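Just so we're clear, the structure is a prediction, and the values are computed from it rather than from any experiment.
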Amino acid sequence: MVAGAGAAKTVNDIGAENVKRSMSYNKVAIPGFIAYKYCDWRTSQDRTKYQDFLGVKKFTPEERNAAFAELDKKWSQVAIDKIHELKGFYVKNGQMIASNVGDAAPPIWQETMKPLLDHCPEVDFSVIRPMVEEGLGKKIEDVFDDFEETPLAAASIG
């Protein structure tokens with residue numbers, strides 16, 4: 001059971017596919033978060049002020065920035081690969097990073113996510129067809145003489 005909005009919900013209420021997608025995301029997000037927190041702890045001045053007593057390496061601000069830059073390079077690529085896999089909601093989040101919403105994204109993250117602004121991954125027509133037909137209330141062939149299955153473009157709707 002998963003608690004939500006004051007009421008318990010089962011996986012069936014939420015949808016097994018949504019749970020599966022969340023777990024797939026968390027397999028990337030949690031190790032990434034831990035890597036950043038460890039780097040922060042390892043390179044922080046609070047920890048390194050005891051370098052003489054503990055034999056801890058003291059990191060200069062430049063070394064600290066370089067350590068984070070390495071993490072940004074690695075994890076921004078891991079993140080966009082996961083976004084391409086999961087699509088939907090995750091694409092929208094990548095677009096927010098590319099646009100630097102909240103002025104929080106490092107430049108490499110913005111650059112890595114930039115293709116999501118105008119090159120969204122397309123959804124296979126086998127997924128789109130039932131939605132179009134449900135909206136029309138009829139088969140596509142009954143409404144249109146011609147219907148191109150290959151998209152001209154793809155976008156995410158926020």
Side-chain angles (χ1 to χ4, degrees), residues 1-131 150-158:
M1 297 214 128
V2 179
K9 294 188 177 201
T10 66
V11 169
N12 290 334
D13 294 332
I14 297 170
E17 184 60 28
N18 289 337
V19 171
K20 182 179 171 186
R21 288 166 50 84
S22 293
M23 294 302 293
S24 178
Y25 166 79
N26 284 328
K27 284 181 183 178
V28 169
I30 292 171
F33 176 79
I34 291 169
Y36 276 91
K37 291 304 283 182
Y38 175 70
C39 184
D40 182 45
W41 173 80
R42 185 175 58 89
T43 63
S44 73
Q45 293 303 310
D46 287 343
R47 178 178 172 270
T48 59
K49 66 184 174 185
Y50 301 108
Q51 70 168 354
D52 294 334
F53 178 69
L54 298 175
V56 174
K57 178 186 180 342
K58 184 171 178 79
F59 287 83
T60 66
E62 294 80 17
E63 289 172 322
R64 180 175 164 86
N65 290 341
F68 276 106
E70 280 299 311
L71 284 176
D72 290 339
K73 184 178 177 183
K74 174 187 176 181
W75 287 99
S76 64
Q77 188 58 55
V78 170
I80 197 158
D81 291 345
K82 185 55 70 174
I83 287 168
H84 282 297
E85 175 189 330
L86 296 174
K87 300 180 177 89
F89 164 80
Y90 302 96
V91 170
K92 183 53 65 185
N93 284 308
Q95 290 171 334
M96 291 173 60
I97 292 168
S99 300
N100 200 20
V101 172
D103 198 28
I108 192 167
W109 278 83
Q110 294 172 48
E111 281 301 311
T112 303
M113 301 298 156
K114 197 172 187 179
L116 297 172
L117 295 174
D118 58 3
H119 293 93
C120 289
E122 64 186 60
V123 177
D124 190 81
F125 187 69
S126 65
V127 175
I128 301 298
R129 181 183 195 93
M131 290 187 257
T150 305
L152 294 174
S156 76
I157 300 171

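- With values rounded to the nearest 0.5 angstrom, Trp41 atom CH2 is found 14.0 Å from Ile34 atom CD1.
- With rounding to the nearest 0.5 Å, the separation of OH in Tyr90 from CZ in Arg21 is 5.5 Å.
- Rounded to the nearest 0.5 Å, atoms CD1 (Ile97) and CD1 (Ile83) are 5.5 Å apart.
- Remark: the backbone N or O of Arg42 is not paired with any side-chain donor or acceptor of Arg64 at under 3.5 angstrom.
- Note that CZ of Phe59 and SG of Cys39 are 7.5 Å apart. Values are rounded to the nearest 0.5 Å.
- Within the model, atoms CD1 of Ile108 and CE of Met113 stand 10.0 Å from one another, a figure rounded to the nearest 0.5 Å.
- Here the closest heavy-atom approach between residue Ser76 and residue Asp72 is recorded as OG-O, 2.7 Å.
- Side-chain atoms of Ser24 do not come within 3.5 Å of backbone N or O of Lys20 as any donor-acceptor pair.
- Minimum heavy-atom separation, Trp75 to Ala35: NE1-CB, 3.8 Å.
- When the shell of 6.0 Å around OH of Tyr36 is examined, it contains more than 12 heavy atoms from other residues, nucleotides or ligands.
- Considering NZ of Lys87 and CG of Leu116, their distance stands at 11.5 Å, rounded to 0.5 Å.
- Counting non-hydrogen atoms of other residues, nucleotides and ligands closer than 6.0 Å to CZ of Phe33 gives a total of 12 or fewer.
- Across every non-hydrogen atom of Trp109 and Ala79, the tightest pair is CZ3-CB, 3.6 Å.
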Problem set entry | Stepwise salt bridge (charged side-chain N to carboxylate O under 4.0 Å, His left out) check, Lys73 with Glu70 | CA-CA 5 Å; Lys73 184 178 177 183; Glu70 280 299 311; 5.1 Å; no
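- With a 6.0 Å radius and a threshold of 12 heavy atoms from other residues, nucleotides or ligands, Lys82 has its NZ atom above the threshold.
- The minimum heavy-atom distance linking Asp124 with Ser126 is given by the pair OD2-OG, 2.5 Å.
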